[in-house]
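For reference, the structure discussed in these notes is given below.
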Protein chains: 2
Amino acid sequence: MTLSSDHLPSSACQPDRAILRQRLTAAGLRATTQRILILESLMVLPGHPTAEQVHRQVVLAEPTVSLGTVYKTLDSFVAAGLSKRVASAEGPCRRYDSDCNAHHHLYCIDTKEIIDYSNPELDALIRDFFATHGLGNFQPHSFSLHVAGSRIS
Amino acid sequence: MTLSSDHLPSSACQPDRAILRQRLTAAGLRATTQRILILESLMVLPGHPTAEQVHRQVVLAEPTVSLGTVYKTLDSFVAAGLSKRVASAEGPCRRYDSDCNAHHHLYCIDTKEIIDYSNPELDALIRDFFATHGLGNFQPHSFSLHVAGSRIS
DNA sequence: TTCGTTGCAAATACTTTGCATAGCC
DNA sequence: GGCTATGCAAAGTATTTGCAACGAA
């Protein structure tokens, strides 16, 4: 959560390939077929997919893409600022998030789902708290709240 | 044999074995030598150790303890509520925390340090927010705030 | 004595690496 | 054409599992 947070995720539906290509080159990466597909999969998959999940999605469109390439590519995306690595206490370690805007996470204990959540009011509340209380010699830049809970039926 | 203080900072607390034994049985676990040592190591190691780190600590006192046992035991601790699994985006996946009281994390961008932080006032603030605003059909049980920032010099 | 726990080692899951080739710019 | 990214496969970590032997209750 950047301390000046505002906006919401884009329409996550079917991103245009040309725009993906643009985002790649803008980030200083060559726009290869694989990278376009991987970026597309990242944006389309719900939650925070693992490399494995991204790969399963990508091979639907292009069966020759290897898992190793997915790993390398996701790392290069992180290095280029196109995606973030998020931690998970469950399952495989490395998970990726295409949404570089900071947001909070709701973790469902029952289904192990991770749901993105953002709320400017909450952000303001926490930001104000730090502004008035301070953290000693620690200067906060951004924050992210992890909420564990379960679905009410 | 106790974990020798040669390997530990003198400031680290040295929990009494009898109390550890009690905590284990209270949690419904048999108080084996291995479990006592592993629980002790968890409490004594700084930060959020990996299974590997716990194992390295345990074998100092009892060289026959296997890494597999450490994994199984840490999982049973989590199941019994004696410790928590915490996520880390860096390095090995599974990390463990002996402190079951919820707390927050300050992450120093410069030094990569993770500092534990707790503040009941902040907890109340966030809890109240959820109580009044709700999260749809999601019922929050616990939460943890991750703050990234840097030291002011 | 009983039944859960341990140690071991093999199996599996996850991730990285090296190198020849393919394909973007 | 130059040079980076890819595919493949093998190596390297991390974690889980199965089972006979052990030990706490």
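Keep in mind the model is a prediction, meaning the values are calculated, not measured.
The closest side-chain heavy-atom distance from B:Ile126 to A:Phe129 is not below 4.5 Å. At a threshold of 4.5 Å between non-hydrogen side-chain atoms, the residues A:Leu24 and A:Leu82 count as touching.
In this structure, the separation between CG on B:Leu20 and CG on B:Leu37 is 9.0 Å, given to the nearest 0.5 Å. Here OG1 of A:Thr25 is found 8.0 Å from CZ of A:Arg21. Values are rounded to the nearest 0.5 Å. How far OG1 of B:Thr32 is from CZ of B:Arg35: 5.0 Å, rounded to the nearest 0.5 Å.
The shortest distance between the side-chain N/O atoms of B:Thr73 and the OP1/OP2 oxygens of C:dT6 is below 4.0 Å. Here B:Gln34 reaches the OP1 or OP2 of C:dG7: one of its side-chain N or O atoms lies under 4.0 Å away.
Atom CG in A:Leu37 sits roughly 14 Å away from atom C1' in D:dA5 (whole-Å rounding). The nearest whole Å value for the distance from the CG atom in A:Leu74 to the P atom in C:dC14 is 15 Å.
In summary, A:Asp75 and A:Arg85 engage in a salt bridge, as defined by a charged side-chain N under 4.0 Å from a carboxylate O.
Between B:His146 and the options B:His105, B:His103, B:His104, a ring pair (Phe, Tyr, Trp, His ring centres under 6.0 Å) holds for only B:His105.
Under the 3.5 Å distance criterion, with hydrogens and angles disregarded, no donor-acceptor pair is assigned to the side chains of B:Thr73 and B:Ser76.
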Would you give a per-nucleotide map of nucleotides 16-25 of chain D, 5' to 3', where B means the base has a protein non-hydrogen atom under 4.0 Å away, S means only the sugar-phosphate does, and - means neither?
BBBB---BBS
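Taking every heavy atom of residues 53-66 of chain A and every atom of DNA chain C, no pair lies under 4.0 Å.
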